[in-house]
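What follows is a set of notes on a single structure, which appears directly below.
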Amino acid sequence: MRTLIVEDDFTSRLLLQSFVSHYGECHIAVNGREAVEAFRAAQKSGQTYDLICLDIMMPEMDGHEAIKQIRALEEASGTLSSNGAKIIMTTALDDVHNVVRSFKSLCDAYLFKPIDTAKLLGHIRGMQLI
């Protein structure tokens, strides 16, 4: 499983990286702009990401804009979101507006911080990534 963790908080990034790296290659981006650049580079190299763990509140570009651009890149390459990267929003924002907005942007799951690794693993298994 090839994973991109998009998280501006150092501690949250380390926790996710430590957990997810047991299941395969893991790359890091610290904001949405870097995430879109990493996704574009992976797409061009033919080594797309299987999983993206995406925070919402980040500098330069937030997670909502990043997911929109990532899904647009997939669509432009002929990949439907159902066949594209699985995206789990990982955020402290637990209000209904952000949850609904994320699913409208075609995220696959939504986890509240602090991240419960058992729930994360359940989502990864449910998506048949491991």
If you draw a 6.0 Å radius around NZ in K113, do more than 12 non-hydrogen atoms from other residues or ligands fall strictly inside? yes

Should we count CD of E60 as having more than 12 external heavy atoms under 6.0 Å? yes

Answer yes when E37 and R40 have at least one side-chain N-carboxylate O distance shorter than 4.0 Å, and no when they do not. no

Quick one: are [X] and [Y] in side-chain contact, heavy atoms under 4.5 Å?
X: N98; Y: Y110; value: yes
X: M89; Y: I67; value: yes
X: L120; Y: I88; value: yes
X: L51; Y: L4; value: no
X: M61; Y: Q69; value: yes

For a quick test of reading the model, state the closest non-hydrogen atom pair linking [X] to [Y] and the distance between them.
X: L54; Y: G63; value: CD2-O, 3.5 Å
X: A85; Y: D108; value: O-OD2, 3.6 Å
X: R71; Y: G84; value: NH1-C, 4.3 Å

Determine which pairs satisfy ring-ring contact (aromatic ring centres under 6.0 Å, His included) with at least one residue from residues 39-61, sequence neighbours left out, and list them in order. H27-Y49

If you round to the nearest 0.5 Å, how far is [atom2] of [Y] from [atom1] of [X]?
X: F112; Y: T90; atom1: CZ; atom2: OG1; answer: 11.5 Å
X: D50; Y: E25; atom1: CG; atom2: CD; answer: 9.5 Å
X: I56; Y: D8; atom1: CD1; atom2: CG; answer: 12.0 Å
X: I5; Y: I28; atom1: CD1; atom2: CD1; answer: 4.0 Å
X: I124; Y: K86; atom1: CD1; atom2: NZ; answer: 13.0 Å
X: H64; Y: S102; atom1: NE2; atom2: OG; answer: 4.5 Å

Using side-chain contact (heavy atoms from CB on, under 4.5 Å), reason through F19 and L121 one step at a time and then give a plain yes or no. CA-CA 9 Å; F19 182 76; L121 183 59; 3.8 Å; yes

Can you hop from [X] to [Y] via hydrophobic side chains spaced under 4.5 Å?
X: V20; Y: L14; result: no
X: I115; Y: V6; result: no
X: L16; Y: M58; result: no
X: I52; Y: F103; result: yes
X: L129; Y: I87; result: no

Is [X] reaching over with its side chain to a backbone N or O of [Y], donor-acceptor style, under 3.5 angstrom?
X: S105; Y: R101; answer: yes
X: E7; Y: A29; answer: no
X: R2; Y: C26; answer: no

Strictly by side chain to side chain donor-acceptor pair (under 3.5 Å), give each pair with a member in residues 9-21 just once, sequence neighbours left out. D9-S12

